[in-house]
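Here's the structure we're looking at; comments come further down.
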Amino acid sequence: MTIREFAKLCDVSPATASRFFSGHGSISEPVRLRIEEIAKRTGYIPPESFRGRRKTSSLIIVIVPKFRQHLFYDMLEQLRICADKKEKQLLILPVGCQNPQDTLAFITSCDPMGVILFREGVPLPLTNALSHLNFPVVVCGESVSGHRFSTVHIDDLMAAYDGTNYLLGLGHRQIGFLTDASRAIGSSFQRLAGCRKAMEDAHCIWEESCVELGNLSFDAGYVGAERLLERKPNLTAVFAFSDDAATGAITKLRESGKRVPDDISVLGFGDSSIARQFYPPLTTVHQPLDQIAQKILDRLSDIQGAHDTSTLTLTCDIAERTSCSAVSSYQKCRKAPAFRHRDIRHT
């Protein structure tokens, strides 16, 4: 089948079909979806002359939110390392308050081989606009609701489940959780769901008062730990959903006369560079940033114009250092009644 015959099947011009496969120029959403559906149904693959045009570009644009966490810097460094190996160039484009159409026009003028989107903090109007372009887009982190982008991310629910089980295995039953927008369907929602499931599987009652919302920065962890202690003075552990929030929590706990981990354990999330630099070194949920970066760049190289909507989910493990320890006999004696064993009935 020629490109003209395929275009006729889709009821579009050959030029439109070429733009779809080459990744050059914009196509309306209904047309893009129709071409994509027919390409999948027929198994049509265009000639290399169409599919190879985008490969001539070595530029990858990375759209990033405001930098609140060390993990973003570490992720960018891993992307840079992988891009160097593939002889690609990265252009970092911070998200501001500018008109998304201006940002879109800039991206189009650069004619990149693709775009990497850091989901957190990226304004919805910009993601809406990106969905109408025919540039390949790969999302690093949680998927963008309502859009059709390829995504590389971790299993947030299972990672948080394993993190909570790690603390439970050390004997902790009085655990506070530092998270962000837990009611939005996204990574933090999944993490909180994993924590709750682990507590319930351990026959512990879940209490919303043990959850403190913030933006997962150092300052948010500092304030969050203070508020948790006010509500739950008998906490023996804190699980923060970022390493930055964990270091903020430890700083506040020390100022409050708490020893970490002798009096209270603190578990982080991400295994960013600050986890190893802080004292005590953070025990944390390890995200395989090098693997994530490699898979993202592989996806950008493999997408051939049509929007790839597949998702790749990577697993995490626990990086053990010294910010967590087993519950002491003293801590067990002052166990709060809020967390009590109960029977789980299955219906």
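What's counted below: heavy atoms across the whole structure, side chains too, no hydrogens, waters or symmetry copies.
- Using a distance-only test at 3.5 Å, with no hydrogens or angles considered, no donor-acceptor pair links the side chain of Asp74 to the main chain of Ser272.
- Here Lys197 pairs with Asp201 under the salt bridge (Lys or Arg N to Asp or Glu O under 4.0 Å) rule; sequence neighbours left out.
- Looking only at atom types and distance, the side chain of Ser217 has a donor-acceptor partner in the side chain of Asn215 under 3.5 Å away.
- With hydrogens and angles disregarded, a donor-acceptor distance shorter than 3.5 Å links the side chain of Thr284 to the backbone of Phe269.
- Of the charged side-chain nitrogens involved, none lies within less than 4.0 Å of a carboxylate oxygen, so that Arg231 and Glu208 do not count as a salt-bridged pair.
- A heavy-atom distance below 4.5 Å is not found between the side chains of Tyr166 and Phe239.
- In this structure, Val285 and Cys316 approach most closely via the heavy-atom pair CG1-CB, 3.8 Å.
- Hydrophobic cluster membership differs between Phe241 and Tyr222, with clusters built from Ile, Leu, Val, Met, Phe, Trp and Tyr side chains linked at under 4.5 angstrom.
- Between atom CG of residue Leu297 and atom CD1 of residue Ile60 there is a gap of 5.0 Å, rounded to the nearest 0.5 Å.
- Contact of the Glu5 side chain with the Leu9 side chain is not registered, since no non-hydrogen atoms from C-beta on lie closer than 4.5 Å.
- Counting only heavy atoms from C-beta outward, the side chains of Leu157 and Arg191 never approach each other to under 4.5 Å.
- A distance-only check finds no donor-acceptor pair linking the side chain of Thr322 to the backbone of Pro280 [under 3.5 Å].
- More than 12 heavy-atom neighbours from other residues, nucleotides or ligands sit within 6.0 angstrom of NZ on Lys252.
- Both Leu93 and Val137 belong to a common hydrophobic cluster when Ile, Leu, Val, Met, Phe, Trp and Tyr are linked at side-chain heavy-atom distances under 4.5 angstrom.
- Pairing each heavy atom of Pro288 with each of Ile154, the nearest pair is CD-CG2, 4.3 Å.
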**Asked** Going through the checks in order, is the side chain to side chain contact (heavy atoms under 4.5 Å, CB included) test met by Val138 and Val152?
**Response** CA-CA 7 Å; Val138 177; Val152 178; 4.2 Å; yes
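- Using a 4.5 Å heavy-atom threshold, the side chains of His153 and Val139 count as separate.
- The cluster map of Ile, Leu, Val, Met, Phe, Trp and Tyr, joined by side-chain heavy atoms under 4.5 Å apart, puts Phe72 and Ile92 in the same cluster.
- For the pair Gln294 and Lys86, the minimum side-chain heavy-atom distance is below 4.5 Å.
- Taken from CE in Met199 to SG in Cys210, the straight-line distance is 7.0 Å, to the nearest 0.5 Å.
- Between the side chain of Arg259 and the backbone N or O of Arg254 there is no donor-acceptor pair closer than 3.5 Å.
- Pro233 approaches Lys258 most closely through the heavy-atom pair O-NZ, 3.9 Å.
- The closest side-chain heavy-atom distance from Asp271 to Arg321 is below 4.5 Å.
- With rounding to the nearest 0.5 Å, the separation of CD in Glu230 from CD in Glu212 is 9.0 Å.
- Considering only heavy atoms from C-beta on, Tyr161 stays 4.5 Å or farther from Asp155 through its side chain.
- Side-chain contact check for Ser323 versus Thr283: some heavy-atom pair is nearer than 4.5 Å.
- Within 6.0 Å of CD in Glu87 there are 12 or fewer heavy atoms belonging to other residues, nucleotides or ligands.
- With hydrogens and angles disregarded, a donor-acceptor distance shorter than 3.5 Å links the side chain of His172 to the backbone of Thr236.
- No continuous path of ILVMFWY side-chain contacts below 4.5 Å connects Leu216 to Val223, so the two sit in separate hydrophobic clusters.
- The NZ atom of Lys88 sits 11.0 Å away from atom CG of Leu90, with the distance rounded to the nearest 0.5 Å.
- Residues Phe106 and Leu117 fall within the same hydrophobic cluster, defined by Ile, Leu, Val, Met, Phe, Trp and Tyr side chains chained together at heavy-atom separations under 4.5 Å.
- Between the side chain of Asp244 and the main chain of His70, a donor-acceptor pair closer than 3.5 Å is present.
- Here the side chain of Asp156 pairs no donor or acceptor atom with the backbone of Gln190 at under 3.5 angstrom.
- Between Arg34 and Glu37 there is no salt bridge, since no side-chain nitrogen of the basic residue lies less than 4.0 Å from a carboxylate oxygen of the acidic one.
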